Number of protein chains: 2
Amino acid sequence: MAYKPTDQELHSIRRATIFQGLTDAQLQIILQAARLVQVERHGFFFHQGEPASTFYVILQGNVRLAQLTPEGRQVIMHYFGPGSEIAVIVVLSKADYPVSAEAASDAAALGWDQQTVFSLMEQFPRLAINGLEMVAGRFWELQNRYRELATERVEQRVARAVVRLVQQGNGQNGRSTPPLLTLSRQDLAEMTGTTLFTVSRICSSWEQRGFVEAGREQLIIHQLDHIIAIADDLQPHAPTTAEP
Amino acid sequence: MAYKPTDQELHSIRRATIFQGLTDAQLQIILQAARLVQVERHGFFFHQGEPASTFYVILQGNVRLAQLTPEGRQVIMHYFGPGSEIAVIVVLSKADYPVSAEAASDAAALGWDQQTVFSLMEQFPRLAINGLEMVAGRFWELQNRYRELATERVEQRVARAVVRLVQQGNGQNGRSTPPLLTLSRQDLAEMTGTTLFTVSRICSSWEQRGFVEAGREQLIIHQLDHIIAIADDLQPHAPTTAEP
DNA sequence: CAGCGTCTTTGCGCTGGCGCAAAGAAGAGG
DNA sequence: CCTCTTCTTTGCGCCAGCGCAAAGACGCTG
């Protein structure tokens with residue numbers, strides 16, 4: 001308990017929607033009640049099906065929220081970075097975690113157990129209000145993604161996923177350096193409901209046109225505006241096979 | 001205000017998850033605060049983008065919650081019948097309706113505005129608890145549907161949609177008569193992210209094998225167990241084109 | 001630096017499902 | 001009863017994207 005976050009981490013915490021509108025003093029009290037949880041790459045914060053006991057806010061690293069299909073395929077529901085909240089919804093009810101939370105890189109998070117969350121919410125109603133709004137926001141986003149999956153073609157969905165990741169500030173995102181995402185083609189495929197092959201082809205095509213630079217488990221976005229254009233379908237359709 | 005529901009309607013209300021665990025007396029008070037809203041076929045309870053002002057519980061008819069894509073395609077997020085709650089999530093925050101609610105048949109519902117909901121929840125905390133659990137439940141279901149859409153093939157998804165509708169008791173579902181759904185192929189297509197043509201072919205195929213009986217804007221399910229088998233992929237894949 | 005495991009690329013063939021068009025059915029209304 | 005509208009079926013052609021296989025590329029470890 002009572003972990004002292006670094007300045008860098010504090011900055012992440014301040015960005016978290018759940019803590020908006022709280023004074024420094026209030027935030028201090030809340031942080032006192034947290035415990036630090038560290039998970040190394042490929043470790044899990046929790047598994048799908050376990051009773052939801054803890055609410056997390058990420059300090060460092062990326063966390064992949066994924067569901068496993070009965071046939072063993074993975075579907076990534078969310079890909080979160082520092083300052084993101086995990087298990088907001090489920091901790092407010094007495095349900096089980098519907099997904100597994102895997103560290104995509106070495107990760108650290110602050111954790112509050114259900115009991116603590118409830119008592120903090122009583123103490124600081126603003127937390128409860130923020131929580132409800134986050135729930136609505138998450139639901140809204142999932143609905144949009146559902147709609148996209150139902151109606152849009154693969155390239156567009158991949159573009160959307162990339163834009164989302166960049167804009168929510170995943171990966172090193174220095175002011176002057178181009179945004180860099182650290183994830184495998186497989187990850188992107190599982191986020192967009194396609195195969196790693198198709199993602200690979202799309203990335204190659206983008207690279208040939210100079211929009212991105214593709215590397216092993218990373219993607220450097222050089223022309224985000226073009227990717228956004230593809231995401232919004234303002235773009236003539238690109239061939240999946242490379243042109244002569 | 002103070003609408004007296006019929007016995008039939010009261011039965012629907014009692015089934016609503018949001019009202020579980022309340023005494024008759026408490027329920028009476030809650031019902032007193034409601035107003036009756038009637039909408040005829042193709043009318044709307046509310047439109048996507050309007051500020052979420054009212055929470056509804058359906059008394060009669062079916063209601064289609066749909067999102068419109070920028071290109072004008074519809075995606076049906078939910079298809080609800082009597083006893084279902086609408087806008088649970090959104091009324092707890094101050095967001096806009098993310099979907100439109102259209103009456104698929106002449107429909108009636110009880111409505112409480114946001115203000116009233118909050119004050120009732122204060123009076124009967126059980127309402128708030130039920131509300132939170134419903135939110136978690138809805139989220140859980142949407143996530144599952146998202147996963148299915150990302151991984152399963154069309155026939156399987158259509159089967160799932162049918163099973164879901166039957167089990168949640170949409171459409172006339174007399175004890176001794178086979179379950180009957182009242183929706184168009186187009187509806188089914190928009191619920192499963194496909195086209196009405198493909199749904200039509202699937203229905204024909206099922207009809208030839210005697211699982212269902214297909215009619216204009218209706219579907220009579222004769223062998224639900226077979227449909228369930230398809231939904232759970234325990235079935236050899238069916239050809240979409242009719243066999244010789 | 002050689003060997004190994006993991007991740008990525010690319011070619012090739014195939015098919016599930018889309019899209020269109022045209023021709024039925026089934027109600028609704030006059 | 002006929003007409004009009006809406007919903008459905010079915011044939012046909014086509015293509016986006018899947019699946020596999022084989023060959024790189026990268027990074028780690030001994």
Side-chain angles (χ1 to χ4, degrees), chain A residues 41-42 69 71-75 104-105 149-159 181-190 192-208 212-220 230 233 235-244, chain B residues 40-42 69 71-75 104-106 149-159 181-190 192-208 212-220 230 233 235-244:
Chain A
R41 191 170 140 95
H42 294 142
T69 73
E71 299 82 35
R73 267 184 74 178
Q74 272 213 352
V75 176
S105 56
L149 192 52
T151 59
E152 297 173 356
R153 42 181 64 203
V154 171
E155 191 190 20
Q156 204 174 340
R157 301 203 308 264
V158 174
L181 299 177
T182 316
L183 38 59
S184 65
R185 306 285 176 276
Q186 176 85 40
D187 284 337
L188 259 179
E190 287 172 356
T192 51
T194 180
T195 64
L196 82 162
F197 306 107
T198 301
V199 171
S200 174
R201 281 183 251 265
I202 290 172
C203 288
S204 299
S205 145
W206 289 352
E207 190 163 31
Q208 277 185 12
V212 304
E213 195 180 328
R216 185 196 175 90
E217 286 194 304
Q218 71 172 19
L219 203 61
I220 302 173
I230 295 173
D233 201 21
Q235 193 79 3
H237 289 165
T240 35
T241 59
E243 55 258 70
Chain B
E40 48 192 31
R41 190 169 141 96
H42 294 141
T69 73
E71 298 83 36
R73 267 184 74 178
Q74 272 214 353
V75 177
S105 56
D106 288 355
L149 192 52
T151 59
E152 297 174 356
R153 42 181 64 202
V154 171
E155 191 189 19
Q156 203 174 341
R157 301 202 308 265
V158 174
L181 300 176
T182 316
L183 38 60
S184 66
R185 306 284 175 278
Q186 176 86 40
D187 284 337
L188 260 178
E190 286 173 356
T192 51
T194 180
T195 64
L196 83 162
F197 307 107
T198 302
V199 170
S200 174
R201 282 183 250 267
I202 290 172
C203 287
S204 299
S205 144
W206 288 353
E207 190 164 30
Q208 277 184 10
V212 304
E213 196 181 327
R216 186 195 174 89
E217 287 195 303
Q218 71 172 19
L219 204 62
I220 303 172
I230 295 172
D233 201 21
Q235 195 80 2
H237 288 165
T240 35
T241 60
E243 55 258 71

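Everything numeric here is computed off the predicted structure, so don't read it as measured data. Naming convention: chains lettered A, B, ... in sequence-line order (proteins, then strands); numbering from 1 in each chain.
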Nearest listed nucleotide, side chain of [X], among [options]:
X: F197(A); options: dT10(C), dG16(C), dT8(C); value: dT10(C)
X: T198(A); options: dG17(C), dC18(D), dT10(C); value: dC18(D)
X: R201(A); options: dG17(D), dT8(C), dC12(C); value: dC12(C)
X: S204(A); options: dT10(C), dT8(C), dC18(D); value: dT10(C)
X: R185(A); options: dT8(D), dC18(C), dT8(C); value: dT8(C)
X: A214(A); options: dG17(C), dT9(D), dT9(C); value: dT9(C)
X: T195(B); options: dT8(D), dC18(D), dG19(C); value: dG19(C)

- Query: Ignoring hydrogens and angles, does a donor from either the side chain of R216(A) or the base of dT6(C) sit under 3.5 Å from an acceptor on the other?
  - Reply: yes
- Give a yes or no on whether a donor-acceptor pair under 3.5 Å exists between the nucleobase atoms of dG17(D), that is its base, and the side chain of R157(A). no
- Message: Between R185(B) (side chain only) and S200(B) (backbone N and O only), is there a donor and an acceptor less than 3.5 Å apart?
- Response: no
- Does the R41(B) side chain pair with the main chain of D106(B), one donor and one acceptor, at a distance under 3.5 Å? no
Taking atom [atom2] of [N] as reference, at what distance in whole Å does atom [atom1] of [X] sit?
X: Q218(A); N: dT8(C); atom1: CD; atom2: C1'; value: 13 Å
X: L196(B); N: dT10(D); atom1: CG; atom2: C1'; value: 12 Å
X: L219(B); N: dA26(C); atom1: CG; atom2: P; value: 15 Å
X: Q186(B); N: dT8(D); atom1: CD; atom2: P; value: 8 Å
X: E71(B); N: dC18(C); atom1: CD; atom2: P; value: 16 Å
X: D187(B); N: dT6(D); atom1: CG; atom2: P; value: 15 Å
X: L149(B); N: dG17(C); atom1: CG; atom2: C1'; value: 14 Å
X: I202(B); N: dC18(C); atom1: CD1; atom2: P; value: 8 Å

- Item | Rounded distance [0.5 Å steps], CZ in R157(B) versus CG in L188(B) | 12.0 Å
- Message: With rounding to the nearest 0.5 angstrom, report the CD to CG distance, E217(B) to L181(B).
- Response: 12.5 Å
- Query: Is there side-chain contact between C203(A) and L219(A), with heavy atoms separated by less than 4.5 Å?
  - Reply: yes
- Is any side-chain N or O of T194(A) closer than 4.0 Å to OP1 or OP2 of dG17(D)? no
